There are 2 protein chains.
Amino acid sequence: MTSPKRTTIYDVAREAGVAASTVSRTLRNPRRVNAATREHVLAVAERLGYRPSPLATALQSGRTATVAMLVPDITNPHFFGTIRGAERRASAAGITFILSDTEESADNELTKIEHLARSVDGFILAASRMSDERILELAEEHNLALVNREVRGLPSAVVDTSVGSRQIVEHLASLGHRSLVYLSGPHQSWLAGERWDSLRDGAERHGIRAVRLGPFPPRLVGGGAAADAVLVTGATAVVAHNDLLAIGVLRRLAERGVDVPRRISVVGYDDIFGADFCVPSLTTLAGPQDQAGRAAVELLLENRSRSTARTPDRRVMLPSHLVIRESTGQAPE
Amino acid sequence: MTSPKRTTIYDVAREAGVAASTVSRTLRNPRRVNAATREHVLAVAERLGYRPSPLATALQSGRTATVAMLVPDITNPHFFGTIRGAERRASAAGITFILSDTEESADNELTKIEHLARSVDGFILAASRMSDERILELAEEHNLALVNREVRGLPSAVVDTSVGSRQIVEHLASLGHRSLVYLSGPHQSWLAGERWDSLRDGAERHGIRAVRLGPFPPRLVGGGAAADAVLVTGATAVVAHNDLLAIGVLRRLAERGVDVPRRISVVGYDDIFGADFCVPSLTTLAGPQDQAGRAAVELLLENRSRSTARTPDRRVMLPSHLVIRESTGQAPE
DNA sequence: CTCGCGATGGCAAGCGATTGCCAAAAGTTG
DNA sequence: CAACTTTTGGCAATCGCTTGCCATCGCGAG
């Protein structure tokens, strides 16, 4: 790699016989310069293969045309959709997309935000593990958009799981189940709380007994312990915090020779890759995670420039739907 | 979000009673400044909560402490490992990680590189779809590291699939198979070429007939057409370009009532998430993709600063290994 | 024919660091 | 103690672009 001194705005200016400011305006604020000059400058810029330096632009203007997305665990398929959606949207808007894994740690989130603060226009916090207070505090200084998390007054995009959770309960109720176990995710997970609340709520309404176990790590490996715990309760239906956990449970149950769904029904959340081809295939609450990612980027974009003004409460709620597969069935006698 | 005018190096300088340059040196080149002053400056910086502006630093110094990774398809599980490995390594080195999806298009790769050129120290091209010539050309101007792709003279990290491919053939041969079909991936894919070469090579050595079909889109949906095509050939073993395709094939075969592995054996590449719990579980060539990602970042880091000097041929080769599961078995009579 | 005003382009001051060069201070050496 | 060498800190230029402010110009109005 050689550094052939990229052409700058000054090169273009000299070549076009105008001032640098004119070149700058031609690019950022075209109507501020006469059509004829503009054409000329553009032509010269094109000929010289001019590319603006995002750094210089950002340094001067304060706009970086970059967003960062913080994710608790990149490898969790649950986030793939969100990541993709956000990346696509950012890319479409010509915005650079920074991805950062916070390894399920609130402290890491803080550190990373601090670190990136000056390099980005805003942050997308996906399933943030931080407390509401902390998030609100950060929102004072940074432009934030939340995904699958709600905090009073902050823009957020969430896939609605309360309605969906009730659907799950109804589905189970209709199959004759009288009790269910919820396998909870990380206890800092807002989502986990939401889901439990709706499940319990729905269960109550249907006269179903609901128990919460956990927290379990929301990964395949979490399924082992979770499955065993479930068996002890004697419940006929399990709702896992996510598909990963659910699939883990399925595997463990298979190992132990427990028939799903004959003896126990299993439900997950997210409809991740693989949920349709595991055995038995998984009944799960699917949601447009990619749209949540995309929406988050949009919220961020709306929001920038606005510096002191608190954004009017912008929250996007996306509908989820229950995908019924083989892992749920009639409750046993 | 408010903009409380972040504290700058000048604020620290004033407060500490030294020149800005001293502050700068304290941070970048501590031994250049007296221990006493250094301590003092650090204390003041700490007290004021000073955070350097990456933008300003980059603009002046040319080092951005950022790398970008270009991936043909973010949603393809094959890349998850690579992405994770690269992100982790970058993060550990305090380097910002930009992720960009090129949607399987060589032109997109070019555009994105052009776009990000000034904002990053280098690019990681994962399974690039560009031609060797194009890549070499780009390497003149940019700092590149390749993943799962080799181009003369450029640093690269690849999971060795030639040895692995031969293992696959041996495995199949030992099961009595006399013919195999390779389901090829995108034809711009270097990997696809490599794999086919090694397979054919191995097949020849074992007196096995090998046929290549395709290209097929390396996704689940590609499996439908692929499976049908395979059945026509009457081969008893299929090696798919990747697990996604392989799983797609499994599904289609199941639909058509073809018994795997009784009637046909299926092998994939990558050992992606799900390969172990699809049915039948998939025999596949696993490789440390995350290490490839991590290695690529390291190659990039070694390489920066060096501007004109061409890097000594640095290539990392990672071993793969065959994971035998249920999708392969004795060849039928 | 003069005045006022909008359109247009240039000047120059930043944005927040880094770094070459220089001078003063401190340390070495014979 | 003189003559040097090292250390240490400051000055000022620079990276590439944006933008407030000012000067000029052309033109329609009075």
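Atom set for the values below is all heavy atoms of this structure, side chains included, hydrogens, waters and symmetry mates excluded. Predicted, not measured: the structure shown is a model, and the values here were computed from it.
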Could a donor-acceptor pair under 3.5 angstrom be found where the side chain of B:Thr8 meets the base of C:dC15?
no
Dump the intermediate steps for side-chain hydrogen bond (donor to acceptor under 3.5 Å, both in side chains) on A:Asp107 and A:Ser105, then the final yes or no.
CA-CA 5 Å; A:Asp107 287 345; A:Ser105 142; 5.2 Å; no
By nearest heavy atom, map B:Arg118 and B:Ala35 onto DNA chain D; which one lands nearer the 5' end?
B:Ala35
Backbone N/O of B:Met130 and side chain of B:Arg149: donor-acceptor pair under 3.5 Å:
yes
Test your reading of the model: is there a side-chain donor-acceptor pair from B:Arg32 to the backbone of B:Arg25, 3.5 Å cut-off?
no
Would you tell me if any nitrogen or oxygen in the side chain of B:Thr37 comes within less than 4.0 Å of OP1 or OP2 on D:dG9?
yes
So does B:Arg315 get a backbone contact from the side chain of B:Ser156, meaning a donor-acceptor N/O pair under 3.5 Å?
no
In whole angstroms, how far is the P atom of D:dG9 from the CZ atom of B:Arg14?
20 Å
Mind checking A:Arg25 for me? I need base, sugar-phosphate or nothing, with any heavy atom below 4.0 Å counting as a touch.
base
OP1, OP2 of C:dT8 versus side-chain N and O of A:Asn34: anything below 4.0 Å?
yes
Consider side chain to side chain contact (heavy atoms under 4.5 Å, CB included). Of A:Ile113, A:Asn108, A:Leu110, which one does A:Thr102 pass it with?
A:Asn108
Provide, to the nearest angstrom, the distance between the CZ atom belonging to B:Arg51 and the C1' atom belonging to C:dC15.
20 Å
Interface with DNA chain C, restricted to residues 52-60 of chain A and to heavy atoms under 4.0 Å:
A:Leu59, A:Gln60
Just how far, in rounded Å, is C1' of D:dT14 from CD1 of B:Ile9?
14 Å
Integer-rounded Å distance: D:dC17 C1' and A:Arg28 CZ
8 Å
Which part of the nucleic acid, if any, lies within reach of A:Val23 when heavy atoms closer than 4.0 Å are counted: base, sugar-phosphate only, or nothing?
nothing
Ignoring backbone atoms, test whether B:Arg32 places a side-chain nitrogen or oxygen under 4.0 Å from the OP1 or OP2 oxygen of C:dT18.
no
Among D:dT18, D:dC21, D:dG9, which is the nearest nucleotide to the side chain of B:Thr22?
D:dG9
Whole-Å distance separating the CZ atom of B:Arg6 from the C1' atom of C:dG16
13 Å
Under 4.0 Å between a side-chain N/O of B:Arg63 and OP1 or OP2 of C:dT19, yes or no?
yes
Please check this pair: side chain of B:Ser91 against backbone of B:Glu87, looking for a donor-acceptor N/O pair closer than 3.5 Å.
no
Is A:Asp11 reaching over with its side chain to a backbone N or O of A:Thr8, donor-acceptor style, under 3.5 angstrom?
yes
Side chain of B:Ser24 - closest among C:dA12, D:dG16, C:dT18
C:dT18
Between OH of B:Tyr10 and C1' of C:dA17 the distance, given in whole Å, is 7 Å
